[in-house]
Protein chains: 2
Amino acid sequence: MLATAYANDAGTVDHTTGFAPKRSPDADGLELRGIAGPTRTFEAKEHVFREGDAVTHVYQVEAGHVCIYKMLSDGRRQVIDFAYPGDFIGLGAMHEHGCNAQATSRARIRLMPVVTLRQVMRDDALLGMKLYEAISRELLAARELLMTVSQRTAMERVASFLVALSRRNARRGEDPREFVLPMTRNDIADFLGLTIETVSRTFTKLRAEGLIDLAQSVLVTIVDPASLEEFAEGRTH
Amino acid sequence: MLATAYANDAGTVDHTTGFAPKRSPDADGLELRGIAGPTRTFEAKEHVFREGDAVTHVYQVEAGHVCIYKMLSDGRRQVIDFAYPGDFIGLGAMHEHGCNAQATSRARIRLMPVVTLRQVMRDDALLGMKLYEAISRELLAARELLMTVSQRTAMERVASFLVALSRRNARRGEDPREFVLPMTRNDIADFLGLTIETVSRTFTKLRAEGLIDLAQSVLVTIVDPASLEEFAEGRTH
DNA sequence: CGTCCCGTTGAGGCGGTTCAAAGTGCGTGG
DNA sequence: CCACGCACTTTGAACCGCCTCAACGGGACG
């Protein structure tokens, strides 16, 4: 039985990459460490997999950040998700990957062969349930993003993006008020269905209205969380 | 073992509702009939469940059509999917539903209690796999819709909507060139992130350019499938 | 026949894009 | 250590695609 292997013993530094360990990953404590195969380190901009690749593994980010995106033939890009340490990537792909996964910064990633995954899902109902829940969360997130991109204004999109990052940090036991953006304006723009100019202007406006502060372009401080959430929910006309 | 219960014996008319039987559902032949509980008939506009409702069942549409959508507090609506006969709805919800499900026309729906679902997923790896695949398809669809809504023009959105319906019909063994839209312009607009006026204008334009024909507002005939797909993929500037 | 709902069409306005240019931070090499 | 180049960000101005508001048409139903 593999059911005892979920023990969250994250606490040691990976000396091969020098990453600081993260305390509580998003995936409700489920870790492939001890269950699955080895890790691999991907450099910034390196792809973990690409759309159309045969599915060979399921991946779990252990350190760094990964950008999941889809492309249109003419270059238009849609960022689907930013994977943080603890997050799974590559779940739900059946035969070939339906999107691309690219490290935004150096990332350490654990690999689990899909054959192992299938076998484990047969043998271990609890793990199967965990993966079902992980993919369910991805579905929820995709639909929430759809709502954001399709229905909200630029202001509301950026606000809800920041609120989501803040909540994610809170869940991970990090500071929900001040954090570093692990992605570029371009990534944010392609995530929210805006241009980088609009994203930049909107950040500026949020700062001008005193809802956030930007000491550097990547360092966000949420000054007025309540008002930011109002904006995010569209309750501020 | 429940593994033998998947046999697709759809072929009898349900005399309680008078629905014509559908030949091949979308969910790769997986049917809850014989595994799960009874069916219930929902009238047009009746809700199967609402956002925030406790999750009590998983549902499979057997006849009719169901509109899945989310709402913002100020009334903005995002349609997430249109469920056809054979499609599951309510999958992936953990404790409470994250969206609403409303019959667009009278619909017969099979109900399976979640407790049964959980038990079956433990006991029957194959069924668990099938449900994992069903939710994976939903994730794929959500991301594809995200791409469409976020990156494509009105013309491209409507074109890809029609192409998707056409392919769906082809998969179901029905006519991919001529079909009835089981939803209103309003539903389509909220699905594609447009207004009903823009949807209407775009249909008119597609007809004017000879790509489709509209004998009635709900009866679509695809005249030039190749060109329509070109539009859908954005290869036509 | 009137009402209601849905779809279509038209005219004008606006939010976000496009195009252009200047500003900022950082690694690299002289 | 500074100069330079490069990638990223910010800001400005003009444009455009879709939205808003408004009016009209047609089928279903009482």
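Sequence lines set the chain letters: A, B, ... in the order given, protein chains first and strands last, and positions in each chain run from 1.
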Student: Check whether Tyr59(B) forms a cation-pi arrangement with Arg110(B) (NZ or CZ under 6.0 Å from the six-membered ring centre, at most 45° off the ring normal).
Tutor: no
Student: On the ring face of Phe231(B), is Arg152(B) found with NZ or CZ under 6.0 Å from the centre and within 45° of the axis?
Tutor: no
Student: Between C1' on dG7(C) and CG on Leu206(B), what's the gap in Å once rounded to a whole number?
Tutor: 16 Å
Student: Using the ring of each side chain (for Trp, its six-membered ring), is Phe49(A) parallel, tilted or perpendicular to His97(A), with breaks at 30° and 60°?
Tutor: parallel
Student: Identify whether NZ of Lys or CZ of Arg in Arg108(A) sits under 6.0 Å from the centre of the six-membered ring of Phe42(A) and within 45° of that ring's axis.
Tutor: no
Student: If you take the centroid of each ring, where Trp contributes its six-membered ring, are His65(B) and Tyr84(B) closer together than 6.0 Å?
Tutor: yes
Student: Tell me whether Arg185(B) forms a cation-pi arrangement with Phe203(B), defined as NZ or CZ under 6.0 Å from the six-membered ring centre and within 45 degrees of its axis.
Tutor: yes
Student: Taking CZ from Arg76(B) and C1' from dG15(C), how many angstroms apart are they, rounded to a whole number?
Tutor: 13 Å
Student: Each nucleotide in nucleotides 8-22 of chain D should get exactly one letter: B, S or -. Can you fill that in based on protein heavy atoms under 4.0 Å?
Tutor: SSBBBB----SSBB-
Student: Would you mind reading off the bend of the helix from dC1(C)-dG30(D) to dG30(C)-dC1(D) from its two end axes, five pairs each, to 10 degrees?
Tutor: 30°
Student: Can you find a pair of side-chain heavy atoms, one from Arg40(B) and one from Glu46(B), that are under 4.5 Å apart?
Tutor: yes
Student: Charged N to carboxylate O under 4.0 angstrom, Arg143(A) versus Glu138(A)?
Tutor: no
